[in-house]
There are 4 protein chains.
Amino acid sequence: MNRRSGHESRKRIVDAAVKLFSQSGFNGTTMRMIAKEAGISVGGLYLYFKNKEELSLYLIKEKLNEFYSKVLLPLKEIPSPSQALKEYFTKALEFAKENRELIIIHAKQQGFTFGIEIKKEFFKKEREILKEIITRGIESREFKECEPEEVAKLLMNIIGGYVLSVVVEPENLFKPEVCIDILLKGLLKRSNL
Amino acid sequence: MNRRSGHESRKRIVDAAVKLFSQSGFNGTTMRMIAKEAGISVGGLYLYFKNKEELSLYLIKEKLNEFYSKVLLPLKEIPSPSQALKEYFTKALEFAKENRELIIIHAKQQGFTFGIEIKKEFFKKEREILKEIITRGIESREFKECEPEEVAKLLMNIIGGYVLSVVVEPENLFKPEVCIDILLKGLLKRSNL
Amino acid sequence: MNRRSGHESRKRIVDAAVKLFSQSGFNGTTMRMIAKEAGISVGGLYLYFKNKEELSLYLIKEKLNEFYSKVLLPLKEIPSPSQALKEYFTKALEFAKENRELIIIHAKQQGFTFGIEIKKEFFKKEREILKEIITRGIESREFKECEPEEVAKLLMNIIGGYVLSVVVEPENLFKPEVCIDILLKGLLKRSNL
Amino acid sequence: MNRRSGHESRKRIVDAAVKLFSQSGFNGTTMRMIAKEAGISVGGLYLYFKNKEELSLYLIKEKLNEFYSKVLLPLKEIPSPSQALKEYFTKALEFAKENRELIIIHAKQQGFTFGIEIKKEFFKKEREILKEIITRGIESREFKECEPEEVAKLLMNIIGGYVLSVVVEPENLFKPEVCIDILLKGLLKRSNL
DNA sequence: TATGAATGAGGCTTCATTCAT
DNA sequence: TATGAATGAAGCCTCATTCAT
């Protein structure tokens, strides 16, 4: 019998699951496969995760939280709205690129639809943060008059598009600078050009 | 025994499959469910489609072709580049909204990744068409200097983001006009503003 | 609609069935395959044969009858017992070699066990004929004293072995002359050597 | 849940399979039937055998090996060629009679044709052993001049015929002594008679 | 005599989960 | 905390046979 700390075992399972889910999708990955990859018995899996679904959900939640604390939260500290948006794009796209495996898991898990409640909540917070930045930009006359809510949505959709391309067609990934440039030059007031 | 024309039966199957796949995903839909919904026997399904995968692939191909002939091809007839882009966005986003069910099928079928060969080919053609429009715009000095390839990618990613939102969070869908406005005001040369 | 004489259609079906059954066995051959090979509709098959089993049975009966009339019956006309046995072996083995396809059908159809009633009846007749030849040989002092029944069985078993080899391992087929030679030299009285 | 040793379970499956396959043939036996007879769950079957075919193949291989070590190998230890042949027939026919069930499995499994590669290899070894015995017999002048290869084939075909009768018509089984007698009296040189 | 779409029972196989050890 | 044999429901697919035309 293999003796390991609980923490160690848990990590092994998570790593194995990330690898396999992203390779073969949720349905294409069996619990036996995960157990084998993690070097743990099938039964052992169930000591750490109630079932397969819960394991998958855990992976998703974990990544969402990381994104929130690494990308979104720091945005609040940036005084310049345009600077904040640049930062948002740079960081978010980079994050997507670096976490390809996990994004694929999101994708293959019911087409990004798994854990939808959690995700919606998350998106709402993201939207709020962006809205606030844009509103600040309008107030400071950096940005032209526009509907902050709509623009926030657009920005998030662009990130979404990027995420989708990461999964489906990496060759179609655009350069962040190009995106930011086009977006900003349109958002900035004529007098600022 | 129920006598129907082959065409009729095929259509029933396709309709049932669209409905069920979008509701419950590929794995969540059983052949028995499809047969029942289509009012056909299980064996009958296999008279028209070799297997479940082929049926799903058919739905996807069919929609891709429709998009190509309804949205992309007509773009070539529009002389004004900016007008063409407007048209592209309007039509593409509308198409996405109207075909929610089928998009969900794409999504749930291996996270947009099923039938990837066909899709990549399709995206390539789409990118070419957009690139051509942008190049024309640059040449006619309507658009500012930029990398047509990169911009084409960005545009497609935005559509992609919209498509993703259709699946994941319809509340996050942006207004096409806002998008076009921001995009164009940035693309157009300063002197055109 | 294809108009053919009933006889013609029946023959086509039989030929197709022989070919396919010997190639793929009874279970490996579907009615659709037979229909296609025969150039007839699936439904058409059932106009000539009640079901798949009956079709297979027909093939078997037909060949058994042919063997009886071509090989066994003529034996009765041969006055010399040893000559009759030679003839039996020569003809029977030749027949087996020439009808490989059909023998394979017998084999694959429940391991020679299909249509067992008919076959047993047939074997009984064959045994009787052989027994009679041997008895005659003993009476005429050509053959040494022996149990005709047992010897008849042995002879038939040798043919059976040959038949089996036709199916399983054609390289293992023995030369008829060798067989006859060994058998006869043993059966003949010492004084005849 | 029923706890058994792996060995125990495997044996139960094999025994059940032998019984059912010989009763109902390969296609006539379902995995559910085997599971039930073995007192094991359907899924359990697949813990020990990859699939139905593999299970059947196992039974065949196993018996072939047993025959080799119990019947063929000991032949090499017998100095007298005629004694060796007697032994071969006695043992082989006895073996066939005792393993009726398994022979029927061979028969019903594609008409003795399943696992053909393995079988051919086996037959080759058998033929070699017999050929060697006969050659020895010729050299020691016990047997008359003849082609050892052909005679070996004949002998094997006789066993084959017996095997076939075991399956098809047990009433047609000959007495081993009769067979040996006829065969040997012919093989032995006149001077030995 | 001929067609072939339709039927549906039933086979093989997979796999998440359990539980005795 | 760990094991892995065992479970059994459920999925995909096949195919002999029928019957309206």
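Quantities reported herein were computed from a predicted structural model and do not represent experimental measurements. Protein chains get the first letters and strands the later ones, always in sequence-line order, with residue 1 at the start of each.
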Subject >> NZ or CZ of Lys52(D) within 45° of Phe26(D) ring axis and under 6.0 Å >> reply: yes

Result for side-chain contact (heavy atoms from CB on, under 4.5 Å) between Ser9(A) and one of Leu47(A), Ile40(A), Leu45(A) points to Ile40(A)

Open item on the list: Please confirm whether the shortest side-chain N or O distance from Ser9(B) to OP1 or OP2 of dA6(E) is below 4.0 Å.
Closed with: yes

Ile13(D) atom CD1 is separated from dA6(F) atom C1', nearest whole Å, by 11 Å

In whole angstroms, the gap separating P of dT18(E) from NZ of Lys50(A) amounts to 10 Å

**Prompt:** Mind checking the P distance from dT21(F) to dT1(E)? Whole angstroms is fine.
**Reply:** 22 Å

On DNA chain F, more 5' by nearest nucleotide between Gly43(C) and Phe26(B) is Phe26(B)

Assign each of Lys52(A) and Gly44(C) the nucleotide of DNA chain E bearing its closest heavy atom; nearer the 5' end lies the nucleotide of Gly44(C)

ask   = So does Tyr48(D) get a side-chain nitrogen or oxygen closer than 4.0 Å to the phosphate oxygens (OP1/OP2) of dA5(F)?
value = no

Rounded to whole Å, CD of Glu53(B) lies from C1' of dC13(F) at a distance of 14 Å

To the nearest angstrom, the NZ-P distance between Lys36(C) and dT3(E) comes to 15 Å

Which of dT3(F), dC15(E), dC12(E) is nearest the side chain of Arg32(A)? It is dC15(E)

Leu45(A) atom CG is separated from dT18(E) atom C1', nearest whole Å, by 13 Å

Nearest-nucleotide check on DNA chain E, Thr30(D) vs Ser41(B); residue mapping nearer the 5' end is Ser41(B)

Scanning both residues in full, the closest heavy-atom pair of Val167(B) with Arg100(B) reads O-NH2, 3.9 Å

Inset, instruction - Please determine if a side-chain N or O atom of Tyr46(A) lies less than 4.0 Å away from the OP1 or OP2 oxygen of dT1(F). - result: no

Output for pair (Leu20(C) CG, Ile105(C) CD1), nearest 0.5 Å, gives 9.0 Å

Leu47(C) CG to dT17(F) P, in whole Å, measures 14 Å

Query raised in the report: So what does Phe49(B) touch, heavy atoms closer than 4.0 Å: a base, only the sugar-phosphate, or nothing?
Result: nothing

dist Leu59(B):CG -> Glu101(B):CD (nearest 0.5 Å) comes out at 11.0 Å

Cation-pi geometry met for Arg10(C) and Tyr58(C) (6.0 Å, 45°): yes

**Request:** Give one of base, sugar-phosphate or nothing for Met31(B), where a contact means two heavy atoms less than 4.0 Å apart.
**Result:** sugar-phosphate

Separation of dG11(F) atom P from Asn27(B) atom CG, nearest Å, is 11 Å

- Query: So what does Asn51(A) touch, heavy atoms closer than 4.0 Å: a base, only the sugar-phosphate, or nothing?
  - Reply: sugar-phosphate

### Task
Tell me what Ile40(D) touches on the nucleic acid: a base, only sugar-phosphate, or nothing, going by heavy atoms under 4.0 Å.
sugar-phosphate

Across every strand shown, the nucleotide meeting Watson-Crick or G-U wobble geometry with dT21(E) (both distances under 3.5 Å) is dA2(F)

To the nearest angstrom, the CG-P distance between Leu20(B) and dC12(F) comes to 12 Å

